[in-house]
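To start, the structure itself, in structure tokens.
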Protein chains: 2
Amino acid sequence: MNLVILTEADRLDTQRFSVADHRAVHLGSVLKVGPGERVEIGLLNGPRGVATVEAFRGESVILKAQTWVEVANPLPEIDVICALPRPQTLKRVLLTSAMMGVRRLHLIRANRVERSYFQSPLVEPDQQLPYLIEGLSQGKLTRVPQVTIHERFRTFIEDTLPAVYGEDNAAIRLLADLDTSETLHQVLNTAPGLILLAIGPEGGWVPFETELMRKSGFRAFHLSRAVLRVETALTAALAQIELLVQMRRG
Amino acid sequence: MNLVILTEADRLDTQRFSVADHRAVHLGSVLKVGPGERVEIGLLNGPRGVATVEAFRGESVILKAQTWVEVANPLPEIDVICALPRPQTLKRVLLTSAMMGVRRLHLIRANRVERSYFQSPLVEPDQQLPYLIEGLSQGKLTRVPQVTIHERFRTFIEDTLPAVYGEDNAAIRLLADLDTSETLHQVLNTAPGLILLAIGPEGGWVPFETELMRKSGFRAFHLSRAVLRVETALTAALAQIELLVQMRRG
């Protein structure tokens with residue numbers, strides 16, 4: 001827990017917060033902080049800051065915020081489209097997305113996605129939140145990725161994407177694909193304000209899917225010589241994008 | 001399971017192998033292959049190939065190899081130095097290392113590594129192997145990373161590294177570090193034959209450790225603006241190295 005993520009529900013007054021769940025346990029047993037000591041905090045979808053531990057009251061810890069700093073969002077913003085994975089993998093995709101600063105996560109149907117995955121409790125926002133918060137706490141970020149579920153592939157690509165992103169906007173659409181030799185630096189050669197990054201299911205996209213995405217402006221790139229797991233592919237692609245953006249800046 | 005990893009213990013004769021564990025279950029229940037169908041195979045530390053399913057015998061599947069192809073090792077070779085993480089994380093570090101083609105994995109002591117981690121059953125090679133094989137099977141690779149454990153940080157840096165890698169060889173030594181602004185493309189500006197990549201513990205290296213590593217020729221680089229988990233940092237660094245190597249090639 002690199003950042004204690006606080007919500008409005010934890011707030012006692014303008015400066016003080018009371019936390020009573022695993023965060024209190026972590027503060028007491030792992031970080032072993034005592035009264036007067038400082039911890040880093042972040043307000044969900046708000047600023048980051050530093051607090052002092054004011055008191056331990058039963059199972060609660062009272063934190064008093066001392067300073068707040070706004071967190072700048074990364075540029076380019078990255079929205080991820082991910083074929084809905086099995087629940088255990090979805091937990092790691094949620095955590096990774098939050099940890100690495102993804103803005104929106106579109107979980108979509110694909111040919112190689114089992115229908116049962118859409119019945120998992122994890123498609124519910126309140127079930128996703130703990131994994132998102134764990135990711136923010138790890139990554140020292142505060143903005144929660146906005147997660148949406150889309151049960152029809154073609155509808156998502158042909159109707160939802162244009163509705164959400166505009167027919168011909170400046171977003172760069174990228175598609176991690178084993179069957180291409182172009183690497184990310186060849187397809188990401190401008191400095192976009194927004195990147196839409198598509199990560200396929202275990203077993204990959206089927207040809208119909210990659211063709212429809214290419215027609216819709218997605219550019220395929222070769223991520224790695226190894227066949228990666230879904231959450232590893234997501235991490236690898238986000239890390240490569242971050243490196244390229246750093247390089248283009250200087 | 002993208003590749004059925006076979007060992008000499010599975011061999012029936014020059015071409016035929018019998019598999020009877022989770023691999024047989026996966027072939028029957030997940031891939032649902034029948035007699036005559038083809039599956040991709042890999043011989044542990046050997047070639048990759050294609051086999052046909054010859055028969056199901058009780059709980060065993062008999063595979064007959066049809067073709068074998070040698071797998072080229074990646075260039076540059078990458079050896080990873082990783083502060084020994086907690087067992088649950090170590091499983092993912094082992095899997096990721098195998099999946100992404102790491103040659104050697106040095107698991108070392110560091111100030112922020114708990115002593116109890118060295119008592120975990122997972123420090124034993126036979127306990128590590130299933131996670132390594134799972135990684136190879138996912139990544140479609142066959143070479144098992146060579147894993148070694150080093151219980152003294154200073155001894156490892158000052159004595160073991162020179163003994164294993166030579167005092168002044170061509171290996172590039174890289175250190176993922178939050179407290180530096182140089183990015184990987186600034187420190188990795190040649191085409192090395194071998195990279196030594198160091199990944200710190202949860203909570204990071206302590207100053208003594210980074211200083212000793214810098215004195216021993218490690219160059220620090222800034223991996224990501226987010227604070228990453230150990231296995232995520234490993235994936236991110238390997239992915240960035242792979243992109244840079246692809247770029248330098250053309």
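Lettering follows sequence order; numbering is per chain, from 1.
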Segment of [X] engaging chain B (4.5 angstrom heavy-atom cut-off):
X: A:L244; result: side chain
X: A:A72; result: backbone
X: A:E202; result: side chain
X: A:L141; result: side chain
X: A:L223; result: backbone

Please determine whether a side-chain nitrogen of the Lys or Arg among A:E77 and A:R143 lies less than 4.0 Å from a carboxylate oxygen of the Asp or Glu.
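So A:E77 pairs with A:R143 through a salt bridge.
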Between the side chains of A:R229 and B:E134, is the shortest nitrogen-to-carboxylate-oxygen separation below 4.0 Å, so that they form an ion pair?
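Answer for the salt bridge query: yes.
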Counting heavy-atom pairs under 4.5 Å with chain A, which one of B:G101, B:A226, B:G139, B:G135 comes out on top?
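Sorted descending by pairs with chain A, the first entry is B:G139.
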Closest-packed option against chain A by number of heavy-atom pairs under 4.5 Å, given B:K140, B:H222, B:R225, B:R92:
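When all of B:K140, B:H222, B:R225, B:R92 are compared, B:R225 has the most.
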Counting C-beta onward and ignoring hydrogens, is there a side-chain heavy-atom pair between A:V93 and A:P85 closer than 4.5 Å?
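In short, these two side chains touch, coming nearer than 4.5 Å.
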Side-chain contact, heavy-atom cut-off 4.5 Å: B:V102 with B:T96?
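Not in contact.
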By a 4.5 Å heavy-atom criterion (distance strictly below it), what part of B:L228 contacts chain A: side chain, backbone, both, or neither?
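Both parts, backbone and side chain.
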Need one label for B:L238: side chain, backbone, both or neither, based on atoms under 4.5 Å from any heavy atom in chain A.
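Answer is neither: B:L238 stays 4.5 Å or more from chain A.
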Short side-chain donor-acceptor distance under 3.5 Å, B:H106 and B:T148:
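The criterion, which ignores hydrogens and geometry beyond distance, is satisfied for B:H106 and B:T148.
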Honestly, is A:R109 close enough over A:F153, meaning NZ or CZ under 6.0 Å from the six-membered ring centre and within 45° of the axis?
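A:R109 over A:F153 ring: no.
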Tell me whether B:R38 at atom CZ has more than 12 heavy atoms from other residues, nucleotides or ligands lying less than 6.0 Å away.
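Not buried by this count: 12 neighbours or fewer within 6.0 Å.
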